[in-house]
Amino acid sequence: MPLSIPSLSARKQQKQPIVALTAWEYAIAQIIDRAGVDVILVGDSLGMVALGYRNTLPVTLEEIIHHAKAVGRGVEQALLVVDLPFMSYQVSPQQALRSAGRILKETPAQGVKLEGGSPAMVATVAKLVQAGIPVMGHVGLTPQSVYLMGYRQQGKAPEMAEKIYQEALALAAAGVFALILEHIPSDLAQKITERVTVPTIGIGAGPYCDGQILVTHDLLGLSETQPPFAPKYIDLRQLITTAVTQFSQDVKTHKFPGMPQS
Ligand code: KIV
């Protein structure tokens, strides 16, 4: 049985850190699921890591559903959450309901994630939750707003920190089941984590969150460029290059596949 949303919420009271990673396809999803990850997010970062887009903006609802189906086939234990892509929910609460409804109907996801904490977004979250759709919030650096904010840390200036804090509180009051805090100062993440009753999951937000999430491409060293806060636990780019170079050399020198045994 996959981890349920109530069990995820209980982790905060139990002070058990939440481990979350992104996934974009079946094999990786299966590996990280069996390795004990609690939450698997089909993030719209798949636009960059799997589809070669310049940022997350071009990702469509069709694409994320296609990848979420593949990921879903590999997941048995983790709670699966799927990102609502740019412009699949910002137009109106009705559009958000239709898009989130499609994700929950067509994939095994238990919840959706959306970015931002403006009053309009908080109203949208409330509508989704009233319709029985679990929502994960996301504040701080919100990559779908890259043209407005870049990829810089958010919430350094006191008034920006206060804005993010208020957004987090408003999203929690609207019923999100968890909150992603991305690239904000750790004291701000701590203040939010201490105040809200839902789990916070940080990425570049310091050690005081209830859990941590990374983009799996970054963790595995598959990304071309790495955000400053994302550690590389293994250099798969290098390992793959070594393996492919060796294979290529073996073919060219007739070492592979070797002569048939007679
Ligand atoms: O799309 C994504 O991978 C995300 C994580 C960075 C949280 O939203």
Side-chain angles (χ1 to χ4, degrees), residues 8 18-25 28-29 32 37-61 63-68 70-71 75 78-90 99-100 103 107 109 111-117 121 125 134-146 149-154 164 167-168 171 176-184 189 192-193 198-206 209-220 222-232:
L8 183 85
I18 294 163
V19 181
L21 280 174
T22 63
W24 61 97
E25 51 95 49
I28 292 289
I32 65 178
V37 165
D38 300 310
V39 178
I40 295 184
L41 171 71
V42 183
D44 59 1
S45 57
L46 85 86
M48 282 118 97
V49 304
L51 303 176
Y53 296 149
R54 66 195 182 285
N55 53 42
T56 60
L57 271 56
V59 176
T60 65
L61 189 59
E63 285 168 338
I64 208 126
I65 287 176
H66 175 75
H67 282 265
V71 168
V75 174
L79 193 163
L80 183 64
V81 180
V82 175
D83 255 345
L84 281 166
F86 179 62
M87 281 303 132
S88 73
Y89 62 98
Q90 287 96 339
S99 300
I103 289 174
T107 80
V112 296
K113 175 166 85 59
L114 54 71
E115 293 184 7
M121 205 46 65
V125 168
V135 182
M136 180 182 267
H138 183 157
V139 296
L141 170 55
T142 47
Q144 290 179 12
S145 305
V146 59
M149 59 173 70
Y151 291 114
R152 279 184 307 276
Q153 190 188 50
Q154 299 295 305
I164 293 168
E167 286 177 352
L171 286 166
V176 294
F177 69 87
L179 262 177
I180 298 285
L181 305 179
E182 181 164 354
H183 209 8
I184 59 172
I192 295 171
T193 301
V198 295
T200 60
I201 304 180
I203 173 163
C209 301
D210 299 306
Q212 297 290 329
I213 185 164
L214 284 176
V215 172
T216 300
H217 258 65
D218 296 336
L219 174 91
L220 298 181
L222 281 168
S223 303
E224 273 179 296
T225 55
Q226 202 88 359
F229 51 77
K232 202 189 279 188

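The shown structure was predicted, so the numbers you read here are calculated from the model rather than taken from an experiment. This chain uses plain numbering: 1 for the first residue, then up along the sequence. In listed order, ligands and their atoms are each counted from 1. In what follows, every heavy atom counts, from backbone to side chain, and hydrogens, waters and symmetry copies are set aside.
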Next on the checklist: Just to check, does Thr56 reach to within less than 4.0 Å of ligand 1 when the distance is taken from its heavy atoms?
Outcome noted: no

Next on the checklist: Measuring from atom CE of Met149 to atom CD of Gln154, what distance do you get when rounded to the nearest 0.5 angstrom?
Outcome noted: 4.5 Å

Item to check | Sub-3.5 Å N/O-N/O distance, Lys113 and ligand 1 | outcome: yes

Next on the checklist: Just to verify, which of Val39, Leu214, Asp38 counts as forming a side-chain contact (heavy atoms from CB on, under 4.5 Å) with Val19?
Outcome noted: Asp38

Next on the checklist: Given Met136, which partner from the list Ile180, Val198, Val176 fulfils the side-chain contact (heavy atoms from CB on, under 4.5 Å) test?
Outcome noted: Ile180

Item to check | Minimum-distance protein heavy atom relative to atom 2 (C) of ligand 1 | outcome: Ser45 OG, 3.3 Å

Item to check | Thr56 and Met48: CA distance, side-chain angles, deciding distance, side chain to side chain contact (heavy atoms under 4.5 Å, CB included) verdict | outcome: CA-CA 6 Å; Thr56 60; Met48 282 118 97; 3.8 Å; yes

Checklist entry - What residue and heavy atom of the protein are closest to atom 5 (C) of ligand 1, and at what distance? => result Leu41 CD2, 3.9 Å

Checklist entry - What part of Asp83, side chain from CB on, backbone N/CA/C/O, both or neither, has a heavy atom under 4.0 Å from ligand 1? => result side chain

Next on the checklist: Need the ligand 1 atom indices (1-based, order shown) with element for anything under 4.0 Å from a heavy-atom of Thr22.
Outcome noted: 3 (O)

Checklist outcome for this item: Looking only at protein heavy atoms, what sits closest to atom 6 (C) of ligand 1 is Ile203 CD1, 3.7 Å

Checklist entry - Quick one: does Glu115 get within less than 4.0 Å of ligand 1, heavy atoms only? => result no

Checklist entry - Looking only at N/O atoms, are Asp44 and ligand 1 under 3.5 Å apart anywhere? => result yes

Checklist entry - Going by the atom numbers of ligand 1, which of them fall below 4.0 Å from some non-hydrogen atom of His138? => result 8 (O)

Checklist entry - Do you know which two heavy atoms are closest between Val71 and Trp24, and how far apart they sit? => result CG2-C, 3.5 Å

Item to check | Side-chain donor/acceptor of Thr200 to backbone N/O of Asp210, under 3.5 Å | outcome: yes

Checklist entry - Looking at Gly43, which atoms of ligand 1 are within less than 4.0 Å of one of its heavy atoms? => result 1 (O), 2 (C), 3 (O)

Checklist entry - Where do Ile213 and Ile203 come nearest, in terms of heavy atoms and distance? => result O-CB, 3.4 Å

Checklist outcome for this item: Heavy-atom nearest pair, Ala109 first then Ile103, reads CB-CG2, 4.1 Å

